[in-house]
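Here is the structure we will look at, set down as C-alpha cells.
Both ligands and their constituent atoms are indexed starting at 1 by order of listing.
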Amino acid sequence: MPNSPLVERDLKVLWHPCTQMYDHLTLPLIPIRRAHGVWLEDFEGRRYLDAISSWWVNLFGHAHPAINEAIRQQLSELEHVLLAGFTHAPAIALSEKLIALAPPGLSRCFFGDNGSSAVEIALKMSLHYWRNIGQAQRTEFVTIAHSYHGETVGALSVSDVGLYKAPYEPLLFKTHVAPSPDGRQNETGMDSARRALAGMKEILVRHSQTLCAVIVEPLVQCAGGMRMHDPAYIKGLRALCDEFGIHLIADEIAVGFGRTGTLFACEQAGIRPDFLLLGKGLTGGYLPLSVCLTTDTVYEAFFADYGAGKAFLHSHSYTGNALACAAALATLDIFAQGDWMASNRTLAAVISETLSTLRDHPHVASIRQTGMIAALDLVADKTTGQAYPPSERRGLAVYRYGLEHEALLRPLGDTLYLMPPYVIQENEIRTVVAVLTAAIDQATAAAAS
Ligand SMILES: *Cc1c(COP(=O)(O)O)cnc(C)c1O
C-alpha cells in the first residue's frame with residue numbers, strides 16, 4: 001500500500017504538533033505502519049532509524065516484547081480507575097520503585113499524564129508549600145536561560161525558548177532568568193559553572209524574600225539547543241538554594257532514565273532536589289505518564305485537617321493510569337535486568353568516536369556529548385561561530401536528507417543531535433553518523449535556498 005492515501009486524508013483533518021503545516025505542501029509527511037527496535041517502517045516498506053528516540057521517549061526500542069506483554073497483562077485486569085479515593089497495584093509498585101531509585105529523601109510520588117503537567121504540579125506544589133507554612137509572599141520562580149519545561153502556560157512561563165514562547169507572552173507569568181551554564185564559549189566547564197552560579201546568586205540575593213524555587217534541566221538543556229554543563233553547576237545550585245532557603249526543581253523529563261550516563265542526572269552532582277520530575281522515558285516510550293517526586297517536608301506542609309484548607313487539590317483525569325504504570329514497571333524491570341549504564345558507555349564511546357570525524361568540518365561547531373546525547377551546530381563560519389540565517393533552514397535540509405536515507409534526524413533549528421534508544425547497534429551508529437555527515441555536506445554546500 002502506498003503512503004499517499006493516508007497522507008492525503010491526514011492533511012485534511014490533522015493539525016500536527018510543533019509544525020508549520022504549510023511546510024507539508026513540500027515536506028513529506030510519513031505515515032508509520034509499524035516499528036521494531038530502532039526501526040520505523042512506512043507503508044511502502046521504507047525504513048527509518050529512530051535516532052532521536054521518537055522525541056526522546058523511547059529507551060529500549062519499539063515493540064519491546066516485555067513491555068508489550070506487561071501492558072497486555074494489565075489490560076486483562078484493569079485499564080484505568082480514578083486515583084482519588086482509589087488505588088491500584090501498578091501505581092503503588094511504581095511509586096515504591098521510583099522512590100528506591102531516586103536520590104534518597106524523595107519519598108512521595110504525584111502522578112501526571114505528560115511532562116508539562118509534572119512541571120505545573122511542581123510549580124504549584126512549591127508555591128502552595130510556602131503559602132501553607134505562612135510565606136505566601138513567595139510567588140516567583142527562577143529559570144535558566146535557554147531552558148525548556150513544556151508548552152502549557154505555567155511550564156512555558158518558566159521556559160526561555162523565545163520561538164515557542166513569544167506569541168503567548170501576554171498570558172505568561174514573569175520569571176527571573178539566570179545565565180546558562182552552557183559551556184560552549186571558550187571556557188572550561190568549571191568556569192562556565194562558576195560564571196552562571198554568580199549570575200544566579202545575584203538574582204537570589206535581590207529576590208530572596210519572594211522566590212519559591214529554581215527550576216533546572218540538570219546537565220543538558222535539551223530543547224533549548226542541547227546545551228550541556230558540568231555537574232559542578234548543579235552541585236553549586238543546590239548549595240545556593242539551601243543558602244537562600246528555596247526549593248530546587250530538577251526537571252529530568254528528558255535527561256532521566258540513563259540518557260546522561262547515570263540513571264538520573266542529579267546523581268552526577270550528588271544532590272537531591274526538592275522536586276524531581278520524570279516523564280518521557282518513564283514508560284519506555286509507550287504511554288503518556290509523568291511523575292513529580294518530592295520530600296516528606298513538602299508533603300507534611302499539606303497534611304492537615306481538611307478545614308485548614310491546605311490540601312493539594314490538583315488532578316488530571318488519567319493520573320496514574322494503570323496501563324501506563326504497568327509499562328513503566330516493565331521498563332524499570334528491563335533496567336534491573338542488565339547493566340545498561342555500562343553498555344551505554346560503550347555505545348556513547350562509539351558515538352563520540354564516529355562524530356569526531358566531523359571535528360574539522362568547516363561548517364560544524366561545538367561537537368559535544370553527555371552520555372547518550374550528542375550534538376553539534378551547523379555554522380556559516382567556523383572561525384567566528386557565525387550562525388546561518390534561520391530563514392535558510394539548513395537543519396531542515398538535514399532532516400529531509402535523513403528521511404531519504406533511512407534516518408530520522410529531527411534537528412532543533414541548526415543544532416543536530418543524536419539521542420538514540422539504548423538498543424541501537426554499533427554498526428547502526430556508524431550508519432546513522434555517515435548519513436548525518438552526508439546530510440551536513442549537502443545542507444552546507446548548497447547556496448542559501
Ligand atoms: C519534553 C519536556 C517537557 C514537557 O514534556 P511533555 O510530555 O512534552 O509535556 C518538560 N521538560 C523537559 C526538560 C522536556 O524535555
Side-chain angles (χ1 to χ4, degrees), residues 16-19 52-59 110-126 141-161 163-165 168 172 175 177 180-182 213-229 233-234 237 248-260 264-266 273 275-293 314 316-321 324 327-328 331 370-373 375 410-413 415 417-419:
H16 289 269
C18 202
T19 297
I52 61 160
S53 298
S54 284
W55 261 351
W56 324 342
V57 300
N58 192 287
L59 299 180
F110 194 104
F111 287 100
D113 46 19
N114 61 71
S116 304
S117 63
V119 172
E120 304 285 345
I121 289 163
L123 298 175
K124 287 174 68 179
M125 247 185 209
S126 176
F141 294 85
V142 186
T143 189
I144 318 282
H146 310 297
S147 61
Y148 177 84
H149 298 288
E151 302 293 351
T152 54
V153 169
L156 203 55
S157 296
V158 295
S159 296
D160 182 49
V161 188
L163 191 61
Y164 302 139
K165 190 170 174 176
Y168 315 105
L172 308 178
T175 299
V177 182
S180 172
D182 172 10
V214 176
I215 184 165
V216 67
E217 294 163 86
L219 302 192
V220 187
Q221 296 182 283
C222 291
M226 297 296 167
R227 294 161 192 265
M228 303 179 181
H229 56 258
Y233 176 74
I234 299 301
L237 189 55
L248 178 61
I249 303 172
D251 176 352
E252 295 217 19
I253 290 163
V255 297
F257 297 106
R259 293 285 181 199
T260 67
F264 301 117
C266 282
F275 300 91
L276 174 66
L277 311 183
L278 304 171
K280 292 200 166 110
L282 175 58
T283 62
Y286 268 69
L287 288 162
L289 183 70
S290 65
V291 63
C292 169
L293 283 91
H314 181 109
H316 299 285
S317 308
Y318 284 98
T319 293
N321 173 261
T331 301
T370 301
M372 289 291 281
I373 308 173
R410 196 177 198 275
L412 295 156
T415 296
Y417 70 93
L418 302 176
M419 201 195 286

Amino acids contacting ligand 1, non-hydrogen cut-off under 4.0 Å:
Trp56, Asn114, Gly115, Ser116, Tyr148, His149, Gly150, Glu217, Asp251, Ile253, Ala254, Lys280
Tell me if a side-chain donor or acceptor on Ser53 pairs with a main-chain N or O of Met419 at a distance below 3.5 Å.
yes
Tyr164: what forms a ring-ring contact (aromatic ring centres under 6.0 Å, His included) with it, not counting sequence neighbours?
Tyr148
Where the side chain of His229 meets the backbone of Asp182, is there a donor-acceptor pair that is under 3.5 Å apart?
no
Checking Phe111 now: which residues fulfil ring-ring contact (aromatic ring centres under 6.0 Å, His included) with it, not counting sequence neighbours?
none
Which residues pass the ring-ring contact (aromatic ring centres under 6.0 Å, His included) test with His316, not counting sequence neighbours?
His314
Minimum heavy-atom separation for Glu120 to Val153, with atom names?
OE2-N, 3.8 Å
